[in-house]
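Quick note on labels: first sequence line is chain A, next is B, and so on, each numbered from 1.
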There are 2 protein chains.
Amino acid sequence: MSLRHALLGLLADHPASGYDLTRRFEVSLQKYAWHARHSQIYPELNRLAAEGLISVVEEGARGRRTYAITEAGREEVRRWLLTPNKDAVVRNETVLRMFLLSTLDHAEIRKLLHEWIAEADAELERVCGALDRIEELRREQKDRWFGLFAAEYGRRSFQAQREWAEWALRQLDEAEQDGVERSEKENR
Amino acid sequence: MSLRHALLGLLADHPASGYDLTRRFEVSLQKYAWHARHSQIYPELNRLAAEGLISVVEEGARGRRTYAITEAGREEVRRWLLTPNKDAVVRNETVLRMFLLSTLDHAEIRKLLHEWIAEADAELERVCGALDRIEELRREQKDRWFGLFAAEYGRRSFQAQREWAEWALRQLDEAEQDGVERSEKENR
DNA sequence: TTTAACATGTAAACTGTTACATGATTCT
DNA sequence: AGAATCATGTAACAGTTTACATGTTAAA
């Protein structure tokens, strides 16, 4: 059950409401770490509160409840982080598509590779923006790592994705070049 | 429902039984693309066969049934691959841990980073082995891309993971060096 | 002969998505 | 006044895991 640890981890950085947490999933976790909807987040927050791992520290307008992590909650994230999970769950639909790419013909493969390069570029721009903002914050507080590790990981993995797609395009070029040479030889 | 497309994609390369497919999930898909257990695979194969997307081409010992993809199945994978999914599902417990890493203290962060470097090295060795075997096969059949794209993607992403962990360790070193200098200044 | 690997299946419990539901507050 | 956003919730359904269940074949 990683959802509860994702929530506890986010609350370990600073207090937030269910609405805030939903937003943070959307903007930072969703793309490469974990996916969750508000319909799953709200009930889980209620369970965490009932178990004493988080607590309501503020009630605002529109029934807004701001939660903070408790000492028990902090211990639970720590325990989870330090317990290595040999077969961690991985689900990534984009990588699955990459895996099955070769069932298409060359022209279609190229089309998808170009699309992925464009997507990686867009994500890279977004992540670099986030990194700039984090660097800004770190001018003051040198020991605030939250966000920095994750953003840098995101940057590097999108970079790797882009380079992989370019490599794959070169492979196709070479294979086609090879094909042309062979047919020229046959025609002689 | 990506599971059925994963199965169809694997069968598009060559026929296999539920048992074979379970193994292929374990050795190649599980770590970075998609996770599935036999208890989910067998019923799904029966559904795919009932819908005519795959068919039994051989019955062997111990009730073994070898499935092959049908023309309708091939069309379905193709359709799925060419339909871009803007918000693809991503769940990766290791990346989630990376994200929440900063809630630990420096010594603990270092310990986890070293563990991840060791894991990345082990995976890199495994993937490089797979790449060698694929290169061997490709000596004969230049146009067999299946496995190559995926393995190269795996190699690059584990490489990126390793380099990220080394970068994070350097960040901690610098911060600690910085801390020492500050306290020396204060003591003067 | 006994152990490991092969081979498939089902049911209950749990996790996650989609759709429905409601209302408050802020901004234009 | 109306639209957008804030804010939380539930129910039905779909997807996934865990545990149980069973029997075969090959190898040591």
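When rounded to the nearest whole Å, the span between CD1 of B:Ile41 and C1' of C:dC6 equals 15 Å. Taking atom NE2 of residue A:His35 and atom C1' of nucleotide D:dT16, one finds them 15 Å apart after rounding to whole Å. Across the protein-nucleic acid pair, B:Gln40 atom CD and C:dA11 atom C1' stand 15 Å apart, rounded to whole Å. Distance B:Arg37 CZ to C:dA11 C1': 17 Å, rounded to the nearest Å. When rounded to the nearest whole Å, the span between CG of B:Leu3 and P of C:dT17 equals 16 Å. Atom-to-atom, CZ of B:Arg47 to C1' of D:dA14 comes out at 10 Å; the value is rounded to the nearest Å. Look at CZ on A:Phe25: it is 11 Å from P on C:dT17, rounded to the nearest Å. Atom CD of B:Glu59 and atom P of C:dC6 are 20 Å apart (whole Å).
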Identify every side-chain donor-acceptor pair in residues 126-134 of chain A under 3.5 Å, counting partners at least two apart or on other chains, and give the distances.
| unit_1 | atom_1 | unit_2 | atom_2 | d |
| --- | --- | --- | --- | --- |
| A:Arg126 | NE | A:Glu123 | OE1 | 3.0 |
| A:Arg126 | NH1 | A:Val27 | O | 3.2 |
| A:Arg126 | NH2 | A:Glu123 | OE1 | 2.7 |

Output side-chain donor-acceptor pairs under 3.5 Å for residues 56-66 of chain A, partner residues at least two apart or in another chain, one line each.
| unit_1 | atom_1 | unit_2 | atom_2 | d |
| --- | --- | --- | --- | --- |
| A:Arg64 | NH1 | A:Ser17 | OG | 3.4 |
| A:Arg64 | NH2 | A:Asp20 | OD2 | 2.6 |
| A:Arg65 | NH1 | A:Tyr67 | OH | 3.4 |

TODO: Would you check, one step at a time, whether the test side-chain hydrogen bond (donor to acceptor under 3.5 Å, both in side chains) holds for B:Gln40 with B:Glu44?
DONE: CA-CA 6 Å; B:Gln40 208 186 350; B:Glu44 188 64 37; over 6 Å; no
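Sequence neighbours left out, the pairs with a member in residues 95-104 of chain B that pass salt bridge (Lys or Arg N to Asp or Glu O under 4.0 Å) are B:Glu93-B:Arg97. For residues 1-20 of chain A, the pairs satisfying ring pair (Phe, Tyr, Trp, His ring centres under 6.0 Å) are A:His5-A:Trp80, with sequence neighbours left out. The salt bridge (Lys or Arg N to Asp or Glu O under 4.0 Å) analysis of residues 143-153 of chain B, with sequence neighbours excluded, yields the pairs B:Asp13-B:Arg144, B:Glu152-B:Arg155, B:Glu152-B:Arg156. Note on residues 34-65 of chain A: pairs passing ring pair (Phe, Tyr, Trp, His ring centres under 6.0 Å), not counting sequence neighbours, are A:His38-A:Tyr42.
Legend: residues meeting side chain to side chain contact (heavy atoms under 4.5 Å, CB included) with B:Arg139, ordered by chain and number and at least two apart, are B:Glu136. Take B:Glu125 and apply the side chain to side chain contact (heavy atoms under 4.5 Å, CB included) test, not counting sequence neighbours, and it matches no residue.
In the helix from C:dT1-D:dA28 to C:dT28-D:dA1, the terminal helix axes, each the rotation mapping four pairs' C1' atoms onto the next four within five end pairs, subtend 30°, rounded to 10°.
Between A:Glu176 and A:Arg110 a salt bridge is recorded (basic side-chain N to carboxylate O distance below 4.0 Å). Salt bridge B:Glu174/B:Arg170: absent, no basic N to carboxylate O contact under 4.0 Å. A salt bridge is absent between B:Glu75 and B:Arg78; no separation between the charged side-chain nitrogens and carboxylate oxygens falls under 4.0 Å.
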Between protein and nucleotides 2-8 of chain D, what N or O pairs are separated by less than 3.5 Å?
| unit_1 | atom_1 | unit_2 | atom_2 | d |
| --- | --- | --- | --- | --- |
| D:dC6 | OP2 | A:Tyr19 | OH | 2.6 |
| D:dC6 | O5' | A:Tyr19 | OH | 3.3 |
| D:dC6 | O4' | A:Arg62 | NH1 | 3.1 |
| D:dA7 | OP1 | A:Arg64 | NH1 | 3.2 |
| D:dA7 | OP2 | A:Arg64 | NH1 | 2.8 |
| D:dT8 | OP1 | A:Arg65 | N | 2.9 |
| D:dT8 | OP2 | A:Tyr19 | N | 2.7 |
| D:dT8 | OP2 | A:Tyr42 | OH | 2.9 |
| D:dT8 | O3' | A:Arg65 | NH2 | 2.6 |

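Contacts with DNA chain C (heavy atom under 4.0 Å) in residues 50-58 of chain B: none are found. A heavy atom closer than 4.0 Å to some atom of DNA chain D occurs in no member of residues 91-101 of chain B.
Relative orientation of the B:Tyr32 and A:Phe99 rings is tilted, given thresholds of 30° and 60° on the angle between their planes.
Looking at heavy-atom distances under 4.0 Å, B:Ser39 makes contact with a base.
Nearer to the 5' terminus of DNA chain C, by closest-nucleotide assignment, is the contact made by B:Pro43 (compared with the other of A:Met1 and B:Pro43).
Residues B:Leu113 and B:Leu172 have side chains in contact (heavy-atom distance under 4.5 Å, counting atoms from C-beta outward).
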